[in-house]
Amino acid sequence: MATAIVSPWLMRAGDALAQGIQPKRGGTLTTIVNPEPPVLHVGVNNQAPTLIVGGKIFQGLLRYSAKLEPMPELAKSWEVSADGLEYTFHLQENVKFHDGQPMTAEDVVFSIMKFHMEVSPRARGVFARIKEGVAVDANTVKFVLSAPFEPFLLMFDVTVSAIVPKHLFDGQDYRQAPAVQKPIGTGPFRFVEWQRGNFIRLERFDGYWKPGQPYLDSIIYRVVPDSQSRRLALETGRCSSPSRTTSSPSTCRRCARAPTSRCRRRGGNISAR
């Protein structure tokens with residue numbers, strides 16, 4: 001079973017609404033990331049620390065339930081042809097990148113057919129099965145496979161195929177483009193500052209496409225390499241929550257005794273809630 005350290009004032013917005021609790025807007029979440037990610041751009045790097053921070057900056061077409069059931073994200077709906085060869089995604093409307101440019105089907109086709117095919121070995125092995133990827137219109141994308149491949153629909157979350165802005169990468173070295181160091185996505189938080197060896201700061205993206213979200217003003221990821229320092233930060237309340245890469249069973253047991261935290265056991269991984 002998983003063990004998670006949970007500050008009593010922290011709760012997912014969806015969980016709160018399900019319990020009839022109206023989430024409060026504002027505030028800063030201070031958490032820990034360790035080790036420090038080499039870059040924040042998902043795809044260019046796919047290690048856990050990059051995914052933890054970059055997952056707030058970027059989004060995929062889909063997200064998945066605990067049972068790996070596909071759920072809408074940047075794609076609001078989709079259809080699969082009877083022969084299993086054609087996948088058509090209908091995109092959310094009025095989605096913008098953090099630089100104010102609209103996200104369109106062209107960005108999706110570029111992300112899948114070019115960007116991730118180049119930088120991501122994990123994605124490349126599956127996306128090589130795509131015979132054709134086309135932008136049917138500004139909000140519709142169609143992928144045609146060379147042969148049916150049932151797991152194809154599991155390849156569209158942010159950790160595998162984040163949607164990136166074509167206008168910032170097309171014609172450049174994807175790994176060296178300026179946007180790699182100052183990532184720009186469609187997610188609820190935008191990149192603001194990175195003091196290496198100290199902290200990474202994200203702030204609410206006011207142009208986010210989900211009305212009223214996110215609730216937090218900002219997230220600060222503190223880089224704390226030493227395990228004892230991480231434990232003290234959690235016990236004293238200097239950090240509200242650990243990340244999945246910073247929790248250990250011993251840390252969770254000790255912090256569970258602190259008045260500012262509690263533990264939750266769920267699933268098969270040690271993670272923060």
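- With 3.5 Å as the limit, one finds a donor-acceptor pair spanning the side chains of His167 and Asp99.
- Both Val223 and Leu29 sit in one connected hydrophobic cluster of ILVMFWY residues. Membership requires side-chain heavy atoms under 4.5 Å apart, directly or through other members.
- Cluster membership check: Val33 does not share its hydrophobic cluster with Phe199, using side-chain heavy-atom separations under 4.5 Å among Ile, Leu, Val, Met, Phe, Trp and Tyr.
- Arg122 places no side-chain N or O within 3.5 Å of a backbone atom of Gly43 that could act as its donor or acceptor partner.
- Taking each heavy atom of Ala105 and Asn139 in turn, the nearest pair found is CB-N, 4.4 Å.
- In this structure, a donor-acceptor pair under 3.5 Å is absent between the side chains of Ser218 and Glu203.
- Between His41 and Phe58, the ring-plane angle classifies as tilted under the 30° and 60° cut-offs.
- Two residues are said to be in side-chain contact when any heavy atoms from C-beta on lie closer than 4.5 Å; Asn34 and Val224 fail this criterion.
- When hydrophobic clusters are built by joining Ile, Leu, Val, Met, Phe, Trp and Tyr residues whose side-chain heavy atoms come closer than 4.5 Å, directly or via intermediates, Leu61 is grouped together with Leu68.
- Looking at every heavy atom in both residues, His116 comes nearest to Val42 through CE1-O, 4.4 Å.
- Ionic pairing of Glu86 and Lys131 is not present here: no N-O contact between side-chain nitrogen and carboxylate oxygen is shorter than 4.0 angstrom.
- Between Phe152 and Phe156, the ring-plane angle classifies as perpendicular under the 30° and 60° cut-offs.
- We find the CD1-CE distance between Ile130 and Met155 to be 9.0 Å, quoted to the nearest 0.5 Å.
- The 12-atom threshold is exceeded at CD of Gln195, counting heavy atoms of other residues, nucleotides or ligands nearer than 6.0 Å.
- Checked against a 6.0 Å centroid threshold, the rings of Tyr174 and Phe110 count as neighbours.
- Across all their heavy atoms, Asp83 and Pro148 have their closest contact at O-CG, 3.5 Å.
- Aromatic ring centroids of Tyr87 and Phe143 lie 6.0 Å or more apart.
- Using a 4.5 Å heavy-atom threshold, the side chains of Gln59 and Trp209 count as touching.
- Considering all non-hydrogen atoms of both residues, Ala135 and Glu106 come closest at CB-OE2, 3.7 Å.
- Atoms CZ and CD, from Phe189 and Gln213 in turn, are 9.5 Å apart once rounded to the nearest 0.5 Å.
- At most 12 heavy atoms of other shown residues, nucleotides or ligands fall within 6.0 angstrom of atom NZ in Lys24.
- One finds no salt bridge joining Arg63 and Asp157 here, because no Lys/Arg side-chain nitrogen approaches an Asp/Glu carboxylate oxygen to under 4.0 Å.
- Seen from the ring of Phe205, Arg190 does not count as a face-on cation partner, given the 6.0 Å and 45° thresholds.
- Checking each of Thr140, Val164, Leu91 against Val108 for a side-chain contact (heavy atoms from CB on, under 4.5 Å) leaves exactly one that passes, namely Leu91.
- In terms of hydrophobic clustering, with Ile, Leu, Val, Met, Phe, Trp and Tyr side chains grouped at heavy-atom distances under 4.5 Å, Val136 and Val95 are assigned to different clusters.
- For the atom pair CZ of Phe89 and CD of Glu73, the computed distance is 13.0 Å after rounding to the nearest 0.5 Å.
- Looking at Ser146, its side chain does come within 3.5 Å of a backbone N or O of Arg129 through a donor-acceptor pair.
- Leu153 CG to Tyr64 OH: the interatomic distance, rounded to the nearest 0.5 Å, is 5.5 Å.
- By the neighbour-count criterion of 12 heavy atoms within 6.0 Å, atom NZ of Lys56 is sparsely surrounded, having that number or fewer from other residues, nucleotides or ligands.
- Panel note: side chain Arg204, backbone Pro188; no donor-acceptor pair is recorded below 3.5 Å.
- Between Ser161 and Ile112, the closest heavy-atom pair is CB-CD1, 3.6 Å.
- Thr28 is not listed as a side-chain neighbour of Leu216, based on a closest heavy-atom distance of 4.5 Å or more.
- Looking at Glu118 and Arg124, no side-chain N of the basic residue comes within less than 4.0 Å of a carboxylate O on the acidic one, giving no salt bridge.
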### Message
Is there a salt bridge (charged side-chain N to carboxylate O under 4.0 Å, His left out) between Asp107 and Lys166? Walk through the geometry before answering.
### Response
CA-CA 5 Å; Asp107 297 294; Lys166 178 181 179 180; over 6 Å; no
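- To the nearest 0.5 Å, atom CD1 of residue Ile52 and atom CD1 of residue Ile219 are 11.5 Å apart.
- Side chains of Gln176 and Asp173: no donor on one and acceptor on the other come within 3.5 Å.
- What you find for Val180 and Arg175 is that their closest heavy atoms are CG2-O, 3.8 Å.
- The CE atom of Met71 sits 6.5 Å away from the OG atom of Ser65 when rounded to the nearest 0.5 Å.
- Residue Leu62 is grouped with residue Val80 when hydrophobic side chains (ILVMFWY) are merged at heavy-atom distances under 4.5 angstrom, including chains of intermediate members.
- Ile220 places a side-chain heavy atom less than 4.5 Å from the side chain of Arg222.
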